[in-house]
Amino acid sequence: GVQHVVAMFGATVLAPILMGFDPNVAILFSGIGTLIFFIIVGGRVPSYLGSSFSFIGVVIAASAYAGKGANANLGVALGGIVAAGVLYAVIGLAVMVAGYKWVEKLMPPVVTGAVVAVIGLNLAPVAVMGIAGKPFDTWLALLTVLAVGLVAGFAPGMARRLPILLGAIIAYVVYMVLTNGMGMGKPIDFASLAAAAWIGMPNFTAPVFDANAMALIAPVAIILVAENLGHIKAIGVMTGRDMDKYLGR
């Protein structure tokens, strides 16, 4: 569960930032959505429902987002996302009634597997830009990747299933020693965390239902079907259980 949080956090926060959304709203509703999902599947599918990068391109186009700061046309984008959600729910109901075999025929593993892989690869340029021109950060980033790889390849028992979590911890400790201990880079500072409010409300925005934006964004639901199918298949392989019966839920 802790590794799930570490792995999902980058994407769930980054996607709304790239679209000019408030990431706190995304985190709140991804949490609510995940809890609802667990109730529907009886807690039998170990999965987190986070942000999808499939929306970024169409949301930017529909809202004419400039790429920095808050999205001035956030309501229009939200209306389109609601339309995509409704279409996705309709597809889910169709799968529950008619079964999932027709989805597999339309979207074979070579398609869904590629979609899931692209989700992760979309983050790679962001990581590269974050360390470009910073030798110290570059070496620490490479150390992080190396730590994750070593844990995944050589750690004993259960630890081998937690490469992201353990690799991040190893790199974090090394960074803290080099920066806070030896002054080699920007030290870790918890001042802003200590000053933050424990409880607060995110900035909510009402959706605006614009026909053009809805027509542009709603078809993303088709991509979400491929994402979900590939995701469920991957979980089934990792857990050694047949998760196909939960498709559509």
Side-chain angles (χ1 to χ4, degrees), residues 8 11-12 14-21 23 25-41 45 47-65 71 73-123 205-236 243-249:
M8 72 82 189
T12 302
L14 179 60
I17 290 176
L18 293 178
M19 294 182 286
F21 294 2
V25 177
I27 295 173
L28 173 63
F29 281 98
S30 66
I32 293 173
T34 299
L35 293 176
I36 294 174
F37 171 74
F38 281 157
I39 293 173
I40 292 175
V41 300
V45 182
S47 181
Y48 174 87
L49 277 63
S51 303
S52 174
F53 278 71
S54 304
F55 284 98
I56 295 176
V58 291
V59 164
I60 290 176
S63 61
Y65 179 53
N71 191 327
N73 295 316
L74 179 57
V76 173
L78 292 178
I81 292 173
V82 170
V86 172
L87 177 58
Y88 192 52
V90 170
I91 295 173
L93 290 173
V95 171
M96 292 179 67
V97 172
Y100 61 88
K101 293 297 183 181
W102 63 276
V103 179
E104 286 188 328
K105 291 181 179 179
L106 291 175
M107 299 180 178
V110 67
V111 174
T112 57
V115 170
V116 174
V118 168
I119 296 172
L121 293 174
N122 273 334
L123 291 173
T205 302
V208 175
F209 297 102
D210 178 82
N212 292 329
M214 293 168 66
L216 182 62
I217 299 176
V220 172
I222 307 300
I223 302 175
L224 298 181
V225 172
E227 286 185 4
N228 183 59
L229 181 59
H231 188 73
I232 294 297
K233 293 290 186 181
I235 292 175
M243 298 288 179
D244 289 350
K245 60 184 176 182
Y246 298 110
L247 288 169
R249 296 193 184 187

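- Residues forming a side chain to side chain donor-acceptor pair (under 3.5 Å) with Thr12 (at least two apart in sequence, or on another chain): none.
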What verdict does the side-chain contact (heavy atoms from CB on, under 4.5 Å) test give for Leu18 and Tyr65, after you've listed the backbone C-alpha separation in whole Å, the side-chain angles of each residue and the deciding distance to 0.1 Å? CA-CA 9 Å; Leu18 293 178; Tyr65 179 53; over 6 Å; no

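- Counting heavy atoms from C-beta on, the side chains of Phe53 and Leu14 come closer than 4.5 Å.
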Check against side-chain contact (heavy atoms from CB on, under 4.5 Å), Ile39 and Leu35: CA-CA 6 Å; Ile39 293 173; Leu35 293 176; 5.5 Å; no

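- Partners of Ile232 under the side-chain contact (heavy atoms from CB on, under 4.5 Å) rule, at least two apart in sequence or in another chain, are Val45, Asn228, Met243, Leu247.
- Pro219 pairs by the side-chain contact (heavy atoms from CB on, under 4.5 Å) definition with nothing, not counting sequence neighbours.
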Using the rule given for side-chain contact (heavy atoms from CB on, under 4.5 Å), can you reason through Ile40 versus Ile36, listing the C-alpha separation, both sets of side-chain angles and the distance that settles it, and then say yes or no? CA-CA 6 Å; Ile40 292 175; Ile36 294 174; 3.9 Å; yes

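- If you take CZ on Phe38 and OG on Ser47, they are separated by 7.0 Å, rounding to the nearest 0.5 Å.
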Result block: side-chain N/O donor-acceptor pairs under 3.5 angstrom for residues 73-82, not counting sequence neighbours:
{"from": "Asn73", "atom 1": "ND2", "to": "Ser63", "atom 2": "O", "distance (Å)": "2.8"}

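- With rounding to the nearest 0.5 angstrom, the CG atom of Leu224 is 4.5 Å from the CZ atom of Phe55.
- When atom types are taken as modelled, the side chain of Asn71 and the backbone of Met19 share a donor-acceptor pair closer than 3.5 angstrom.
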Side-chain donor-acceptor contacts of residues 25-33 below 3.5 Å, not counting sequence neighbours, with atom names and distances?
{"from": "Ser30", "atom 1": "OG", "to": "Ala26", "atom 2": "O", "distance (Å)": "3.0"}
{"from": "Ser30", "atom 1": "OG", "to": "Ile27", "atom 2": "O", "distance (Å)": "2.9"}
{"from": "Ser30", "atom 1": "OG", "to": "Tyr48", "atom 2": "OH", "distance (Å)": "2.5"}

Give the C-alpha distance, both sets of side-chain angles, the deciding distance and a yes or no for side-chain contact (heavy atoms from CB on, under 4.5 Å) between Ile222 and Ile91. CA-CA 9 Å; Ile222 307 300; Ile91 295 173; 4.0 Å; yes

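- Scanning all heavy atoms of the two residues, the minimum distance from Ala218 to Leu87 falls at O-CD2, 3.5 Å.
- For residues 85-97, no pair satisfies side chain to side chain donor-acceptor pair (under 3.5 Å), with sequence neighbours left out.
- In this structure, Leu49 and Thr34 approach most closely via the heavy-atom pair N-OG1, 3.0 Å.
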